[in-house]
Every structure is written in C-alpha cells, then in structure tokens.
Amino acid sequence: MLSVLLMLSPVVEAPQTAGLDQPDLIVEARSDDRQKRLADCIARKCPPNEDADAALALASQQFIEGDYRAARETINRSLARTRSQTRAYPIPVSKLWQGLSLVDTHLGNFTFAQSESVRAYYVLQSNLPTDDPRTLNAGLELAAVYGHQNNWDAARNLYTSLIERSEQAPHPDIAARARIKFAKFIAFTAPGKIGKDEQRQIRNILAPLIGSSNADYRVFDFPARLFLAKIAEEMGETGAVAALYATLPSDQRLPPILISSTPIRANKMIESPRERAIQCLENPSVISCQRAEDLIATQNLDRQWIDVAFSIRPDGSVSDVDVIRQSPVYAGDWSTRVVASVQSRRYARTANATESGGIQRLERYTLTSQTRVFSGSRLPRKEADEVFEMVDLTRQPINRGR
C-alpha cells in the first residue's frame with residue numbers, strides 16, 4: 001500500500017528542503033495489477049479496510065509513476081466510499097487522509113495537505129485511546145506538518161502535549177522522538193541565530209535523553225548530543241561536532257545521521273513562456289536569461305519530479321549521486337541544484353556502510369509551488385516561489401544497472 005509509514009526515528013534525518021525537518025516516508029511499489037485489485041474489491045463491496053489498502057496500493061504506483069493527480073483521485077474516491085464508517089475503521093480511514101496529505105504536498109496544495117493531516121490525526125484521536133501509539137505517532141506527523149506550513153503555535157502546543165502524553169502512557173520511545181523533533185523545531189523557528197533563550201529550551205527538552213539509564217532513551221543519546229554540538233558550532237564553538245565523534249567507538253553502528261548539507265538553491269519562477277521572453281529581452285545581463293529554458297513557467301509544475309540515487313560512504317561523505325529517473329515533461333535546470341545539495345551532505349560515520357558499496361538511498365524530489373487564490377481573482381494559481389518536496393523511496397539496495 002502507499003506506505004505512509006512515517007520514519008519517525010530521530011536518528012534518520014531528512015534534508016531540509018522547503019520546511020522544517022520533513023518526515024522520511026517510504027513509498028513501496030510492486031508490479032502487480034493494482035487497478036484490477038481495487039476494481040475487484042469495489043465490485044464485491046469489500047470492507048473499508050480492504051478498500052483502503054487496495055486504493056493506497058494503486059495510489060502508491062501512480063505516485064511513483066509521477067501521476068500525482070491520479071493518485072489524489074484514487075484516494076479521494078476511496079474516502080468517499082469509506083469515510084462514513086470511520087468509527088468502525090479509524091485506522092484505514094486515517095491512512096487514507098495521510099496518503100492524501102502526502103500527495104497534496106507534492107502538488108503544492110499545502111492548505112489542503114495540512115487539513116488532511118489534521119483529519120488523519122483526529123480520526124485516531126476520536127476513536128482510539130489518546131495514549132494509543134498510533135494516535136501519538138499521527139500527532140508527531142501533524143506537528144511536523146504544522147511546522148512545515150509555518151503554523152508554529154499549533155506545532156509548539158502539539159509537541160508539548162505529545163511529550164506529556166507519551167511519558168504518562170508510558171511510551172518512552174515516542175516521547176524521545178517528540179523531544180528530538182521539538183528541539184529541532186525550536187532551532188528552526190528561532191529568529192536569526194539561536195539565542196540564549198532558545199538554547200536553554202533545547203537543553204531542557206533534550207536533557208532526559210542524555211546519559212539516561214532508560215533503554216528506550218539511550219538510543220537517542222547520541223542524536224541529542226550531536227544536535228547540541230551542532231548548535232554549539234553555530235554559536236562559534238569550533239570543533240564541537242568533531243570532539244563528540246572522537247568519543248565514539250570505531251565500531252559504533254549508527255543509521256545515517258545527517259550532520260550538514262547545503263540547502264537547494266531556489267529560484268523565482270515566471271508566469272508564462274511569454275513572460276520569460278520579455279524578461280530576457282529586457283534584462284540580457286541576467287544569468288538565467290543566457291539559458292532561457294532554465295526559467296520554468298508556473299504552468300509547467302504539474303509533473304516536475306526526479307528520483308535521485310546516492311551512496312553514503314563509511315566516513316559520512318556522499319558518492320555516486322545520480323538522477324536515475326525523471327518526469328517525461330521535466331523542464332529547467334533544477335535537477336542540477338538538487339544534485340549539488342545532495343553531494344554537499346555529510347553524514348555521521350557508520351560501520352553499517354562497507355568500503356565497497358556504502359549505504360544506498362533513493363529519494364523523490366518534486367518541484368512545486370504553493371497554490372492559492374490571489375487578490376482580484378477567484379481562480380487558484382501557483383506562486384512564483386520554488387518549493388522542493390522530498391520523499392524517501394529507499395526500500396531495497398538500488399539497482400544501478402537498470
């Protein structure tokens with residue numbers, strides 16, 4: 001199915017693209033006939049959980065093929081058939097809302113995506129115990145969406161609630177993930193450099209994870225200390241991260257932890273190809289006008305996506321960055337900017353990677369922009385600011401021979 005399986009482990013960081021610490025998601029696709037499976041399910045009036053599974057499986061395939069609008073329609077139709085039975089089947093219906101939120105994010109429908117994430121959370125909140133792990137994990141997803149959409153007060157309040165509820169349950173692993181994510185949220189929303197007040201808040205939030213005797217918290221000790229070291233370096237304490245790594249055993253087995261990366265350079269887009277021609281005639285010195293085809297018109301954003309494969313070496317550097325697939329209607333030069341950002345990454349060193357192969361990763365990047373209704377018009381249209389959305393497609397080692 002469209003595994004809107006949020007990889008909420010704090011030791012796996014998604015790159016900073018359009019917003020705050022976007023969650024890693026895994027979308028699994030197989031070669032079976034998903035369209036027929038869904039049609040058969042509908043024909044025999046299958047129960048909502050089977051309908052949702054079949055619809056999400058088909059939507060997964062459509063998403064990977066780059067047909068986001070078809071994926072959106074598939075999920076919406078399943079919701080029309082199943083949402084009346086939300087009380088009896090809260091988990092399948094919640095997964096449909098989560099899947100719809102993911103697709104709408106890649107379409108630039110950010111307002112819809114936030115609303116759908118809210119629905120996914122409250123479906124579980126209203127029909128499962130408030131301390132159910134599935135409810136709490138859905139809350140973590142929603143808090144990340146709030147942060148991504150700059151709804152900062154809502155994100156802050158939800159993170160605080162989730163930490164308290166998880167610790168009372170107790171679900172210490174969820175509480176630890178919430179603490180890590182909340183600390184990153186505070187750092188991200190600090191005006192300018194992280195001030196003393198933000199540093200104090202972050203230290204207080206992460207303190208229970210550092211040196212804890214709790215086995216669930218112990219897993220988060222290094223990520224917590226690493227985040228504090230990165231903040232220390234930002235405040236001028238040179239070598240804080242290197243000093244932390246000097247304390248690690250040489251055989252320490254850590255999943256990929258992103259230490260640093262250069263953000264994807266974002267450009268302004270244009271309204272139409274005609275506007276591009278006018279801009280380049282009036283501003284011949286503008287660098288982008290030397291390659292007019294690199295200026296993307298907002299009308300061309302419907303299917304702008306690429307799949308980027310790369311390897312993480314044992315020393316944490318990145319190699320073999322390659323665009324292995326792209327939309328048939330890809331336009332512009334933006335893939336080179338994504339590749340440059342991926343190449344700049346540095347991860348924690350890890351014994352999980354071998355000298356010969358490294359850790360293989362595959363990520364989907366979508367170029368989009370926010371859809372909204374502008375003053376003086378009733379029709380929604382795209383803004384001119386580029387937004388890059390990423391979803392982690394990593395499942396199996398990448399076959400570079402295809």
Side-chain angles (χ1 to χ4, degrees), residues 1-7 22-127 134 137-138 141-142 144-145 148-149 301-305 327 364 366 368 370-371 380 389-393 395:
M1 65 183 185
L2 177 66
S3 304
V4 193
L5 302 176
L6 304 175
M7 303 305 289
Q22 299 176 82
D24 265 354
L25 302 105
I26 291 180
V27 184
E28 181 184 4
R30 296 181 295 274
S31 59
D32 53 339
D33 187 352
R34 301 179 179 205
Q35 186 77 59
K36 183 177 183 301
R37 175 186 166 194
L38 177 58
D40 290 346
C41 181
I42 296 171
R44 62 182 172 84
K45 297 183 179 180
C46 60
N49 60 316
E50 295 180 25
D51 189 310
D53 283 349
L56 289 170
L58 175 58
S60 169
Q61 186 176 38
Q62 292 166 329
F63 183 94
I64 288 191
E65 291 171 354
D67 198 344
Y68 298 166
R69 295 193 182 279
R72 188 177 195 274
E73 183 178 3
T74 296
I75 298 173
N76 263 323
R77 287 182 174 178
S78 182
L79 276 167
R81 294 187 297 269
T82 61
R83 62 190 298 181
S84 64
Q85 300 185 62
T86 295
R87 186 178 296 275
Y89 295 91
I91 296 171
V93 173
S94 177
K95 287 181 179 179
L96 287 168
W97 284 118
Q98 287 178 312
L100 192 58
S101 177
L102 167 64
V103 175
D104 268 327
T105 296
H106 283 255
L107 284 169
N109 299 330
F110 299 140
T111 301
F112 289 166
Q114 177 172 293
S115 175
E116 289 148 4
S117 189
V118 168
R119 286 173 180 253
Y121 174 62
Y122 281 105
V123 162
L124 299 179
Q125 177 86 335
S126 303
N127 294 284
R134 291 162 295 193
N137 280 326
E141 179 195 356
L142 176 57
V145 170
H148 187 45
Q149 305 302 334
L301 286 179
D302 195 26
R303 297 183 68 179
Q304 293 296 313
W305 55 268
S327 167
R364 162 69 58 87
T366 302
T368 187
Q370 181 165 348
T371 303
E389 296 294 337
M390 188 279 287
V391 61
D392 188 351
L393 301 181
R395 173 65 69 178

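One-based numbering along the sequence shown.
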(message) Going by the rule side-chain contact (heavy atoms from CB on, under 4.5 Å), which residues pair with Ile42 if we only count those two or more places apart in sequence or in a different chain?
(response) Leu38, Asp51, Arg81

(message) Going by side-chain contact (heavy atoms from CB on, under 4.5 Å), name the residues that satisfy it together with Glu65, two or more places apart in sequence or in a different chain.
(response) Gln61

Say you draw a straight line from [atom1] of [X] to [atom2] of [Y]; how long is it, rounded to the nearest 0.5 Å?
| X | Y | atom1 | atom2 | answer |
| --- | --- | --- | --- | --- |
| Asn76 | Asp104 | CG | CG | 7.5 Å |
| Leu142 | Gln98 | CG | CD | 10.0 Å |
| Phe63 | Leu393 | CZ | CG | 7.0 Å |
| Leu107 | Gln370 | CG | CD | 13.0 Å |

Using every non-hydrogen atom in the two residues, find where [X] and [Y] come nearest and quote the distance to one decimal.
| X | Y | result |
| --- | --- | --- |
| Asp67 | Arg303 | N-NH2, 4.1 Å |
| Ala52 | Ser78 | CA-OG, 3.8 Å |
| Met390 | Asp392 | SD-N, 3.5 Å |
| Ile75 | Leu96 | CG2-O, 3.3 Å |
| Trp305 | Gly66 | NE1-CA, 3.2 Å |

Okay, side chain of [X], backbone of [Y]: is any donor-acceptor separation there less than 3.5 Å?
| X | Y | value |
| --- | --- | --- |
| Thr74 | Ala70 | yes |
| Arg34 | Ala57 | yes |
| Thr105 | Ser101 | yes |
| Asn109 | Phe112 | no |
| Ser117 | Gln114 | no |
| Ser126 | Tyr122 | yes |
| Arg83 | Val93 | no |

(message) Using salt bridge (charged side-chain N to carboxylate O under 4.0 Å, His left out), reason through Asp40 and Lys36 one step at a time and then give a plain yes or no.
(response) CA-CA 6 Å; Asp40 290 346; Lys36 183 177 183 301; 2.9 Å; yes

(request) Determine whether Thr82 and Tyr89 make a side-chain contact, defined as any pair of heavy atoms from C-beta on separated by less than 4.5 Å. (result)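 When only atoms from C-beta onward are counted, Tyr89 and Thr82 do not touch, as no gap falls below 4.5 Å.
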
(message) I'd like to know whether Glu73 forms a salt bridge (charged side-chain N to carboxylate O under 4.0 Å, His left out) with Arg69, so could you lay out the CA-CA distance, the side-chain angles of the two residues, the decisive distance to 0.1 Å, and finally the verdict.
(response) CA-CA 6 Å; Glu73 183 178 3; Arg69 295 193 182 279; over 6 Å; no

(request) Would you please test Asp53 and Arg37 for side-chain contact (heavy atoms from CB on, under 4.5 Å) and show each step? (result) CA-CA 10 Å; Asp53 283 349; Arg37 175 186 166 194; 3.8 Å; yes

(message) Counting only heavy atoms from other residues, nucleotides and ligands, does the tally under 6.0 Å from CZ of Arg87 exceed 12?
(response)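 No, because the 6.0 Å sphere around CZ of Arg87 holds 12 heavy atoms or fewer from other groups.
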
(request) Walk me through it: do Arg72 and His106 pass the test side-chain contact (heavy atoms from CB on, under 4.5 Å)? (result) CA-CA 11 Å; Arg72 188 177 195 274; His106 283 255; over 6 Å; no

